[in-house]
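Contents: one structure, followed by commentary.
The shown structure was predicted, so the numbers you read here are calculated from the model rather than taken from an experiment.
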Amino acid sequence: MSEQPFKSELLKTLQARGYIHQITHPAELDAAAAAGPVTAYIGFDATAPSLHVGHLFSIMTLRRLQQSGHKPIVLMGGGTTKVGDPTDKDQQRPLLDDEQIATNIASIKGTFERFLTFGDGPTDAVMVNNADWLDRFGYVAFLREFGVHFTINRMLSFESVKLRLEREQPMTFLEFNYMLMQSVDFLELERRLGCLLQMGGSDQWGNIVNGVELIRRVDQKPAFGLTTPLLATASGQKMGKTVGGAIWLNAELRSAYDYWQFWRNTEDADVGRFLRLFTDLPLEEIARLESLSGAEINEAKKVLAGAATRLLHGAQAAETAARAAEAAFEQGRLSSDLPTVEVNAAELEAGVMLAALAQAAGLTASRGEARRLAQGGGLRVNDQPEPDANRTVTSADLVDGVVKLAAGKKKIVLVRPV
RNA sequence: GGGGGAAUGUCCCGAGCGGCAAAGGGGGCGGACUGUAAAUCCGCUGGCGUACGCCUUCGUAGGUUCGAGUCCUACUUCCCCCA
């Protein structure tokens with residue numbers, strides 16, 4: 001994105017903090033945003049019961065929008081999830097039924113409430129579900145109303161479609177319709193709520209442009225699209241998959257401690273960028289933190305972890321996580337703030353096989369994995385590497401009332417008899 | 001409608017004369033070195049058992065064989081060519 005002197009608070013902020021990849025009509029959008037509150041939306045799938053770190057980019061974009069005095073709409077894809085977005089997928093994904101989708105949406109909702117203020121005010125966020133309108137269309141009605149505005153020629157030229165065709169992978173007609181549905185979403189939101197901006201990841205560019213053009217053609221109204229850069233770490237890894245799976249945003253799937261650790265382990269080269277994107281810290285402060293070098297940059301990582309965790313899990317959880325980390329990593333002592341797993345006291349008295357205990361504590365997926373880990377020197381009991389996962393752990397191993405188990409240096413669990 | 005090909009370790013890509021828990025990558029995890037970083041090097045990467053071992057895996061269902069990812073039959077899905 002070339003440097004442009006934006007006038008609106010919104011675009012100035014988004015640009016300064018690194019949110020902009022492409023904009024359909026930069027000057028027009030800038031003028032609209034400078035003139036008054038703009039209503040904008042981002043769509044989210046309902047394929048899982050929780051969002052993950054990959055979605056955070058979009059959530060934060062909506063947050064910036066609201067902070068700049070505009071109105072965010074969270075669009076839940078209750079209707080489109082039933083079709084499945086083919087973008088960036090190399091194969092069709094399993095179709096979910098209405099009940100699963102409703103459950104997922106309910107489970108996801110709380111996350112947004114952490115980042116956005118919902119309500120009825122002019123800049124309050126609202127959540128809508130596209131099943132509300134998509135489900136009501138009959139096939140013929142849908143085709144007659146919207147099908148005439150899309151040409152196959154154009155749809156075939158889209159990156160996501162070309163990719164499938166080139167790789168000789170099937171793309172069903174159902175999936176092919178996804179982009180129509182997403183365009184209709186935008187049109188529907190424009191009509192219902194006066195929404196004139198759709199945002200999303202850069203992979204959504206094609207889908208977004210379609211919606212923009214549909215509105216401009218059918219309603220002769222201004223409409224804009226804005227995409228954010230693809231989020232990857234400085235070393236090119238896709239973000240969100242680290243220590244054993246996805247970094248979920250729901251606390252019951254991924255503890256605040258883990259979340260804090262995720263940010264703490266950011267690569268040096270990413271610290272500044274992540275601070276700008278995922279925290280509310282002022283830019284001058286970030287510039288200072290970013291300029292730290294060598295081991296000092298660890299201070300910036302702690303600030304990042306603290307601020308990011310505070311946003312999602314609250315100040316107290318962030319504080320607790322920071323304290324636990326400090327105790328475990330910097331002072332090498334136990335802290336009751338570390339994640340704790342309870343075991344039956346009588347069983348521990350009798351002795352439990354270490355491999356079984358590691359599995360029960362969630363450190364490994366199976367006993368076999370625990371054994372392999374132990375052989376490789378990665379399993380620790382009370383900070384002592386334990387090569388034999390078949391040994392039994394008993395109450396004799398209790399130190400200050402707990403047994404400290406660690407898989408590697410970062411995954412630590414306290415086992416407490418109850 | 002006819003002909004030819006393909007589906008492999010449930011993260012991905014991919015080799016596999018009938019003896020295979022199945023080559024090799026990538027990714028992930030662990031160790032060393034560091035700063036809870038990156039880069040580099042090393043190890044691990046189906047489940048269960050303390051163990052000689054047992055069980056489950058190569059699109060699905062059958063069959064041939066002492067033995068099948070490998071051969072045969074049917075089915076499913078996909079690709080290519082001809083109509």
Measure from the side-chain heavy atoms of [X] and tell me the nearest of [options].
X	options	answer
N390(A)	rU36(B), rU50(B), rG46(B)	rU50(B)
S366(A)	rU36(B), rC29(B), rG47(B)	rG47(B)
K301(A)	rG35(B), rA38(B), rG30(B)	rG35(B)
R367(A)	rU34(B), rC29(B), rG49(B)	rG49(B)
E267(A)	rG35(B), rA38(B), rC48(B)	rA38(B)
I297(A)	rG30(B), rG35(B), rU36(B)	rG35(B)

Taking for each residue the nucleotide of RNA chain B with the nearest heavy atom, is it A365(A) or T266(A) whose nucleotide lies nearer the 5' end? T266(A)
Taking for each residue the nucleotide of RNA chain B with the nearest heavy atom, is it K302(A) or R380(A) whose nucleotide lies nearer the 5' end? R380(A)
Can you measure [X] atom [atom1] to [N] atom [atom2] for me and round it to whole angstrom units?
X	N	atom1	atom2	result
E299(A)	rG35(B)	CD	C1'	11 Å
R372(A)	rG49(B)	CZ	P	13 Å
Q375(A)	rU50(B)	CD	P	14 Å
R323(A)	rU36(B)	CZ	C1'	19 Å
N298(A)	rU34(B)	CG	C1'	10 Å
D258(A)	rC29(B)	CG	P	13 Å
R371(A)	rC29(B)	CZ	C1'	18 Å
R264(A)	rU34(B)	CZ	P	17 Å

Partner of M199(A) by side chain to side chain contact (heavy atoms under 4.5 Å, CB included), out of I20(A), T61(A), I208(A): T61(A)
Could you label the plane-to-plane angle of the F44(A) and H55(A) rings as parallel, tilted or perpendicular, counting under 30° as parallel and over 60° as perpendicular? tilted
Relative to the ring of F278(A), is the ring of F57(A) parallel (under 30°), tilted (30 to 60°) or perpendicular (over 60°)? perpendicular
Rounding to the closest angstrom, what is the interatomic distance between rG31(B) and rA22(B) at atom C1'? 27 Å
Determine the interatomic distance between P on rG27(B) and the same-named atom on rA21(B); round to the nearest Å. 29 Å
Pick one for rC71(B): is it syn, with its angle within 90° of 0, or anti? anti
Pairing partner (Watson-Crick or G-U wobble, both distances under 3.5 angstrom) of [N]:
N	result
rU57(B)	none
rU76(B)	rA7(B)
rG69(B)	none
rA15(B)	none
rG27(B)	rU45(B)
rA39(B)	none
rG1(B)	rC82(B)

Drop me the distance from E290(A)'s CD to L275(A)'s CG, to the nearest 0.5 angstrom. 8.0 Å
With rounding to the nearest 0.5 angstrom, report the CG to CG distance, L354(A) to L405(A). 6.5 Å
Could you tell me whether L379(A) contacts a base, only the sugar-phosphate backbone, or nothing, with contacts defined as non-hydrogen atoms closer than 4.0 Å? nothing
Check whether any side-chain N or O of R217(A) sits under 3.5 Å from a backbone N or O of H149(A) as a donor-acceptor pair, and report yes or no. yes
Taking atom types as they are modelled, would you say the side chain of Q261(A) forms a donor-acceptor pair with the base of rU36(B) within the 3.5 Å cutoff? yes
Within less than 4.0 Å of OP1 or OP2 of rU34(B), is there a side-chain N or O belonging to K409(A)? no
Over all heavy atoms of both residues, which pair between L134(A) and M181(A) is shortest? Give the atoms and the distance, please. CD1-CE, 3.6 Å
